[in-house]
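First comes the structure, then the notes that go with it.
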Amino acid sequence: QVDLVESGGGLVQAGGSLRLSCAASGRAFNGYAMGWFRQAPGKEREFVSTISGSGYNTAYADSVKGRFTVSRDNAKNTVYLQMNSLKPEDTAVYFCAARQGTTRAFRTYDYNYWGQGTQVTVSS
(Lines give C-alpha, C1' and ligand atoms only; values in the text may rest on other atoms or scores of the structure.)
Protein backbone atom coordinates (compact mmCIF):
# COMPACT_ATOMS: atom_id res chain seq x y z
CA GLN A 1 0.00 0.00 0.00
CA VAL A 2 1.24 3.46 -0.92
CA ASP A 3 -0.41 6.62 0.35
CA LEU A 4 0.11 9.76 -1.70
CA VAL A 5 -0.45 13.32 -0.53
CA GLU A 6 -0.24 16.24 -2.94
CA SER A 7 0.43 19.82 -1.96
CA GLY A 8 1.39 23.12 -3.54
CA GLY A 9 -1.71 23.95 -5.51
CA GLY A 10 -3.32 27.37 -5.44
CA LEU A 11 -4.40 30.42 -7.38
CA VAL A 12 -1.89 32.07 -9.72
CA GLN A 13 -2.04 34.57 -12.54
CA ALA A 14 -1.35 33.55 -16.10
CA GLY A 15 2.39 33.44 -16.71
CA GLY A 16 3.11 32.53 -13.12
CA SER A 17 4.59 29.41 -11.58
CA LEU A 18 3.69 26.77 -9.02
CA ARG A 19 5.49 23.72 -7.73
CA LEU A 20 3.43 20.72 -6.77
CA SER A 21 4.75 18.09 -4.39
CA CYS A 22 3.58 14.56 -3.83
CA ALA A 23 4.78 12.78 -0.70
CA ALA A 24 4.57 8.98 -0.64
CA SER A 25 4.43 6.66 2.31
CA GLY A 26 6.10 3.29 2.42
CA ARG A 27 9.48 1.94 1.46
CA ALA A 28 11.27 1.27 -1.81
CA PHE A 29 9.92 4.43 -3.37
CA ASN A 30 12.36 4.05 -6.25
CA GLY A 31 10.51 0.87 -7.18
CA TYR A 32 7.54 2.93 -8.30
CA ALA A 33 7.20 5.00 -11.44
CA MET A 34 5.19 8.14 -10.77
CA GLY A 35 2.75 10.13 -12.84
CA TRP A 36 0.94 13.42 -12.76
CA PHE A 37 -2.55 13.74 -14.17
CA ARG A 38 -5.11 16.52 -14.15
CA GLN A 39 -8.85 16.81 -14.41
CA ALA A 40 -10.77 19.94 -15.32
CA PRO A 41 -14.50 20.28 -14.60
CA GLY A 42 -16.56 18.27 -17.04
CA LYS A 43 -13.50 16.64 -18.60
CA GLU A 44 -11.78 13.32 -18.31
CA ARG A 45 -8.62 12.90 -16.31
CA GLU A 46 -5.66 13.45 -18.60
CA PHE A 47 -1.98 12.60 -18.54
CA VAL A 48 0.46 15.39 -17.71
CA SER A 49 3.83 13.81 -16.96
CA THR A 50 5.56 10.65 -15.82
CA ILE A 51 8.94 9.81 -14.33
CA SER A 52 10.69 6.48 -13.97
CA GLY A 53 11.65 4.99 -10.64
CA SER A 54 15.25 6.13 -10.98
CA GLY A 55 14.23 9.59 -12.15
CA TYR A 56 16.35 9.33 -15.27
CA ASN A 57 13.47 9.04 -17.71
CA THR A 58 10.60 11.48 -18.02
CA ALA A 59 7.80 12.26 -20.45
CA TYR A 60 5.26 15.01 -20.90
CA ALA A 61 1.98 15.72 -22.60
CA ASP A 62 2.42 17.99 -25.61
CA SER A 63 0.30 20.64 -23.93
CA VAL A 64 2.83 21.12 -21.10
CA LYS A 65 6.11 20.25 -22.78
CA GLY A 66 8.67 22.98 -22.28
CA ARG A 67 6.70 24.55 -19.42
CA PHE A 68 6.45 21.76 -16.82
CA THR A 69 9.27 19.74 -15.28
CA VAL A 70 8.85 16.56 -13.28
CA SER A 71 11.48 15.40 -10.80
CA ARG A 72 11.78 13.16 -7.78
CA ASP A 73 13.84 12.84 -4.62
CA ASN A 74 13.86 9.19 -3.68
CA ALA A 75 15.55 9.92 -0.36
CA LYS A 76 12.52 12.01 0.58
CA ASN A 77 9.89 9.80 -1.06
CA THR A 78 8.67 12.83 -2.97
CA VAL A 79 7.92 13.68 -6.57
CA TYR A 80 7.58 17.24 -7.84
CA LEU A 81 5.95 19.03 -10.73
CA GLN A 82 7.39 22.45 -11.47
CA MET A 83 4.88 24.40 -13.55
CA ASN A 84 6.02 27.56 -15.30
CA SER A 85 4.32 29.90 -17.77
CA LEU A 86 0.96 28.78 -16.52
CA LYS A 87 -2.10 29.32 -18.70
CA PRO A 88 -5.80 29.47 -17.80
CA GLU A 89 -6.26 26.15 -19.59
CA ASP A 90 -3.95 24.55 -17.02
CA THR A 91 -6.69 25.05 -14.42
CA ALA A 92 -7.61 21.64 -13.01
CA VAL A 93 -7.29 19.34 -10.05
CA TYR A 94 -3.86 17.75 -10.26
CA PHE A 95 -3.32 14.19 -9.09
CA CYS A 96 -0.17 12.23 -8.53
CA ALA A 97 -0.16 8.49 -9.02
CA ALA A 98 2.19 5.59 -8.38
CA ARG A 99 2.58 2.33 -10.23
CA GLN A 100 4.46 -0.77 -9.18
CA GLY A 101 7.43 -1.07 -11.48
CA THR A 102 9.98 1.45 -12.55
CA THR A 103 8.86 2.05 -16.12
CA ARG A 104 7.04 5.24 -17.05
CA ALA A 105 3.37 4.99 -17.94
CA PHE A 106 0.87 7.27 -19.62
CA ARG A 107 -2.61 5.93 -18.90
CA THR A 108 -4.68 6.17 -15.75
CA TYR A 109 -5.23 2.42 -15.58
CA ASP A 110 -1.48 1.82 -15.49
CA TYR A 111 -1.38 3.23 -11.97
CA ASN A 112 -2.19 1.44 -8.74
CA TYR A 113 -2.30 4.30 -6.23
CA TRP A 114 -3.67 7.83 -6.35
CA GLY A 115 -3.52 10.94 -4.22
CA GLN A 116 -6.54 13.05 -3.35
CA GLY A 117 -5.60 15.86 -5.72
CA THR A 118 -4.71 19.51 -5.37
CA GLN A 119 -6.50 22.38 -7.07
CA VAL A 120 -4.59 24.63 -9.48
CA THR A 121 -6.39 27.71 -10.71
CA VAL A 122 -4.83 30.04 -13.27
CA SER A 123 -6.51 33.40 -13.75
CA SER A 124 -6.28 35.37 -16.98
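Being a predicted model, the structure only gives us computed values, none of them experimental. For reference, positions follow the sequence shown, starting with 1. Both backbone and side-chain heavy atoms feed into the values below; hydrogens, waters and symmetry mates do not.
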### Message
Donor-acceptor check, side chain of Arg104 to backbone of Thr58, threshold 3.5 angstrom: yes or no?
### Response
yes
### Task
Please examine the side chains of Ser63 and Arg38, heavy atoms only from C-beta on, and report whether any two atoms are closer than 4.5 Å.
yes
#### Entry: side chain to side chain contact (heavy atoms under 4.5 Å, CB included) partners for Ala23, two or more places apart
Thr78
### Task
Find out whether Glu44 and Thr108 are in side-chain contact, i.e. whether some heavy atom of one side chain is under 4.5 Å from a heavy atom of the other.
no
### Task
Classify the ring geometry between Tyr32 and Tyr113 as parallel (under 30°), tilted (30 to 60°) or perpendicular (over 60°).
perpendicular
### Query
Is there a donor-acceptor contact under 3.5 Å from the side chain of Asn74 to the main chain of Gly53?
yes
### Task
May I ask you to decide if Pro88's main-chain N or O and Ser124's side chain share a donor-acceptor pair within less than 3.5 Å?
no
### Task
Using atom types as modelled and distance alone, determine if a side-chain donor or acceptor of Asn57 lies under 3.5 Å from a backbone N or O of Thr103.
no
### Any Ser49 side-chain heavy atom under 4.5 Å of Leu81 side chain
yes
## Note on the structure
The salt bridge (charged side-chain N to carboxylate O under 4.0 Å, His left out) partners of Arg72 (sequence neighbours excluded) come to none
### Message
Is it true that, when you exclude Lys65 itself, more than 12 heavy atoms of the residues, nucleotides or ligands shown sit nearer than 6.0 Å to its NZ?
### Response
yes
### Message
Main chain of Gln100, side chain of Asn112: is a donor-acceptor contact present, judged purely on distance under 3.5 Å?
### Response
yes
### Message
I want to check something: taking the side chain as every heavy atom from C-beta on, are Asp73 and Tyr80 in contact at a cut-off of under 4.5 Å?
### Response
yes
### Message
Is there a side-chain contact (heavy atoms from CB on, under 4.5 Å) between Phe29 and Met34? Walk through the geometry before answering.
### Response
CA-CA 10 Å; Phe29 181 61; Met34 301 296 293; 3.8 Å; yes
#### Entry: Asn30 side, atom CG; Asn77 side, atom CG - distance, nearest 0.5 Å
9.0 Å
### Task
Consider only side-chain heavy atoms of I, L, V, M, F, W and Y, link residues closer than 4.5 Å, and tell whether Val48 and Phe95 are in one cluster.
no
### Task
Verify the cluster assignment for Phe37 and Leu18: are they in a single hydrophobic cluster under the rule of side-chain heavy atoms below 4.5 Å apart?
no
#### Entry: Side chain to side chain, Thr50 and Tyr111, heavy atoms closer than 4.5 Å
yes
### Cluster link Trp114 to Tyr94, ILVMFWY, side chain under 4.5 Å
no
### Task
Would you kindly confirm whether Leu4 and Phe47 end up in one hydrophobic cluster when ILVMFWY residues are joined by side chain heavy atoms under 4.5 Å apart?
no
### Task
Check whether Val70 and Val93 end up in the same hydrophobic cluster, where Ile, Leu, Val, Met, Phe, Trp and Tyr are linked by side-chain heavy atoms less than 4.5 Å apart.
no
### Task
Test side-chain contact (heavy atoms from CB on, under 4.5 Å) on Met83 and Val120 and set out the steps.
CA-CA 10 Å; Met83 305 186 296; Val120 171; 3.8 Å; yes
Show every donor-acceptor pair shorter than 3.5 Å between a side-chain atom in residues 6-17 and any protein atom, with sequence neighbours excluded, or say none if there are none.
unit_1: Glu6; atom_1: OE1; unit_2: Gln116; atom_2: N; d: 3.0
unit_1: Glu6; atom_1: OE1; unit_2: Gln116; atom_2: NE2; d: 3.4
unit_1: Glu6; atom_1: OE1; unit_2: Gly117; atom_2: N; d: 2.8
unit_1: Glu6; atom_1: OE2; unit_2: Cys96; atom_2: N; d: 2.8
unit_1: Glu6; atom_1: OE2; unit_2: Gly117; atom_2: N; d: 3.3
unit_1: Ser17; atom_1: OG; unit_2: Asn84; atom_2: OD1; d: 2.9

### Task
Rounded to the nearest 0.5 Å, what's the gap from CZ on Arg99 to OH on Tyr109? Could you check?
11.0 Å
### Query
Within the side chain of Thr91, is there an N or O that forms a donor-acceptor pair under 3.5 Å with the backbone of Val122?
yes
